[in-house]
> 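Have a look at this one before I ask anything.
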Amino acid sequence: MQRIVFATNNAHKLDEVRHILSGLAQVVSLADIGCHDDIAETADTLEGNALLKAQWVSTHYGVDCFADDTGLEVEALNGAPGVLSARYAGPQHDDNANKRKLLQALNGCNNRAAQFRTAIALIENGEVHHFEGIVKGHIIDEERGTAGFGYDPLFVPEGYTLTFAEMGEQTKNTISHRGRAVRQLADYLKQKHENNHAAQ
């Protein structure tokens, strides 16, 4: 089975991705290949950051690799915080400060439309492939729920009344932006296996 490095050490993300790609690829973490580098995310798009991470690992470790980057894009804020989602209130990646800043920015604003977007870059045999997952929804006025992380307590996906932080891991994973992007990656791997079998 193909072995692919997922450029993360986030156990929560690894579990979700391994579950979706089960039977298609053996997914290993950065720690599994001895990579403890601090890979700078300096691009100004989600796609750019995902590609930076995947390229770094692929170049320095000579492995097939994919990386993701996720942002919350709020319509009334012209797509902010976007690529700066984790550092919206400053470089210290403080979830609570980020949420406070978002609520202040939307104070008195009627348009609460937002979307979570995940971009994945896969580098395989030197070729680059991109995948994307989007969940549309809206931002509420105060936090609800204790599960999840980041902006999850403020985001209600379309068609639901619960926030991501209220709906629990399993439900969130079935509709999440990352889940959708990883399923596109899974479809690509599935198609490739089928094509390889057909060619043999």
> Short question: side chain of His19, backbone of Asp15 - any donor-acceptor pair under 3.5 Å?
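No, the answer is negative, given that no donor and acceptor are paired below the 3.5 Å cut-off.
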> Any link between Val27 and Ile33 through a network of hydrophobic side chains (Ile, Leu, Val, Met, Phe, Trp, Tyr) touching at under 4.5 Å?
no
> Are Asp152 and Thr163 side-chain neighbours, meaning at least one heavy-atom pair lies under 4.5 Å?
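Sidechains of Thr163 and Asp152: no contact.
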> Hey, does Asn98 have a side-chain heavy atom less than 4.5 Å from the side chain of Pro81?
no
> Return yes if some donor-acceptor pair links the side-chain N/O of Thr171 with the main-chain N/O of Gly168 below 3.5 Å, else return no.
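Absent.
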> Would you indicate whether the side-chain heavy atoms of Thr70 and Leu46 approach each other to under 4.5 Å?
no
> Got a second to check how far Met167's CE is from Thr174's OG1, nearest 0.5 Å?
8.0 Å
> Minimum heavy-atom separation for Lys101 and Ala89, please, with both atom names.
CD-CA, 4.0 Å
> Would you name the heavy atoms of Gly82 and Glu73 that are closest together and state the gap between them?
CA-CG, 4.2 Å
> Using the six-membered ring wherever Trp is involved, compare the ring planes of His177 and Phe116 and label them parallel, tilted or perpendicular (cut-offs 30° and 60°).
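Ring orientation, 0 to 90° scale: parallel.
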> Check for a donor-acceptor pair, side chain of Gln184 on one end and backbone N or O of Glu132 on the other, with a separation under 3.5 Å.
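At least one qualifying donor-acceptor pair exists.
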> Could you tell me whether Glu47 and Arg117 make a salt bridge, using a distance below 4.0 angstrom between a side-chain N and a carboxylate O?
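So Glu47 pairs with Arg117 through a salt bridge.
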> Determine whether Asp64 and Val5 satisfy the following criterion, side-chain contact (heavy atoms from CB on, under 4.5 Å), listing intermediate values before the conclusion.
CA-CA 6 Å; Asp64 288 344; Val5 177; over 6 Å; no
> Report yes if some heavy atom in the side chain of Asp69 is under 4.5 Å from a heavy atom in the side chain of Thr118; otherwise report no.
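A side-chain contact is absent here, since even the closest heavy-atom pair is not under 4.5 Å.
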> Evaluate the side-chain proximity of Arg180 to Ile175: yes if any heavy-atom separation is below 4.5 Å, no if none is.
yes
> Between Leu84 and Ile139, is there shared hydrophobic-cluster membership here, with clusters defined by ILVMFWY side-chain heavy atoms closer than 4.5 Å?
no
> Does Asn78, at its CG atom, have more than 12 non-hydrogen atoms belonging to other residues, nucleotides or ligands within less than 6.0 Å?
no
> Roughly how far apart are Ser176 OG and Ile20 CD1, rounded to 0.5 Å?
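Ser176 OG to Ile20 CD1: 6.5 Å, rounded to 0.5 Å.
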> So, do Gln55 and Ile123 sit near enough that their side-chain heavy atoms are less than 4.5 Å apart?
yes
> If only side-chain N and O atoms count, and only distance matters, is there a donor-acceptor pair under 3.5 Å linking Tyr88 with Asp94?
no
> Mind listing the closest non-hydrogen atom pair of Phe155 and Ala114 along with its distance?
CE1-O, 3.8 Å
> If you group Ile, Leu, Val, Met, Phe, Trp and Tyr by side-chain heavy-atom gaps below 4.5 Å, do Leu162 and Val135 land in one group?
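Yes; tracing contacts between hydrophobic side chains, which count when under 4.5 Å, links both residues.
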> What's the spacing between Cys65 SG and Glu124 CD if we round to 0.5 Å?
11.5 Å
> Hey, is the main chain of Ile39 close enough, under 3.5 Å, to the side chain of Asp37 for a donor-acceptor pair?
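Between the backbone of Ile39 and the side chain of Asp37 there is no qualifying donor-acceptor contact (under 3.5 Å).
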> Show the nearest heavy-atom pair for residues Leu106 and Arg112, with the distance to one decimal.
O-NH1, 2.9 Å
> Under a plain distance cut-off of 3.5 Å, with no hydrogens placed, do Ser29 and Asp32 share a side-chain donor-acceptor pair?
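A pair is found: one side chain offers a donor N or O, the other an acceptor, under 3.5 Å apart.
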> Do Glu166 and Tyr160 have side-chain atoms, one donor and one acceptor, less than 3.5 Å apart?
no
> Looking at CD of Glu16 and CZ of Arg178, how far apart are the two atoms once the value is rounded to the nearest 0.5 Å?
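If we round to the nearest 0.5 Å, Glu16:CD and Arg178:CZ are 5.5 Å apart.
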> When rounded to the nearest 0.5 angstrom, what distance separates CG in Leu102 from CG in Leu72?
6.0 Å
> Within the structure provided, determine whether Asp68 and Lys13 are in side-chain contact (heavy-atom separation under 4.5 Å).
yes
> Identify the heavy atoms of Ala31 and Asn9 that sit nearest to each other, and give their distance.
N-OD1, 2.9 Å
> Any chance CD of Glu142 has more than 12 other-residue heavy atoms, nucleotides or ligands included, within less than 6.0 Å?
no
> Under 6.0 Å from the six-membered ring centre of Phe149 and within 45° of its axis: does the NZ or CZ of Lys172 meet both?
yes
> Work out which heavy atom in Ala50 is nearest to a heavy atom in Ala67; give both atom names and the distance.
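Taking every non-hydrogen atom into account, O-CB, 3.3 Å.
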> Do Leu14 and Phe6 come close enough that some side-chain heavy atom pair is under 4.5 Å?
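Yes. Closest side-chain heavy atoms under 4.5 Å.
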> Between Asn10 and His12 (side chain of the first, backbone of the second, donor and acceptor by atom type, cut-off under 3.5 Å), is there such a pair?
yes
> Between CG of Leu21 and NZ of Lys190, what distance do you get to the nearest 0.5 Å?
9.5 Å
> Under a 3.5 Å threshold, yes or no: a donor from one side chain and an acceptor from the other, between Gln115 and Glu75?
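Gln115 vs Glu75: no donor-acceptor pair found between side chains.
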> Would you sort out whether Leu30 and Tyr61 count as a side-chain contact (heavy atoms from CB on, under 4.5 Å), showing the intermediate values?
CA-CA 10 Å; Leu30 290 176; Tyr61 294 85; over 6 Å; no
> Tell me whether Leu52 shares a hydrophobic cluster with Val57, the cluster being built from Ile, Leu, Val, Met, Phe, Trp, Tyr side chains joined at under 4.5 Å.
no
> Answer yes or no: does atom CD of Gln92 have more than 12 heavy-atom neighbours from other residues, nucleotides or ligands under 6.0 Å?
yes
> Are Ile120 and Ile4 linked, directly or through intermediate hydrophobic residues, by side-chain heavy-atom contacts shorter than 4.5 Å (ILVMFWY only)?
yes
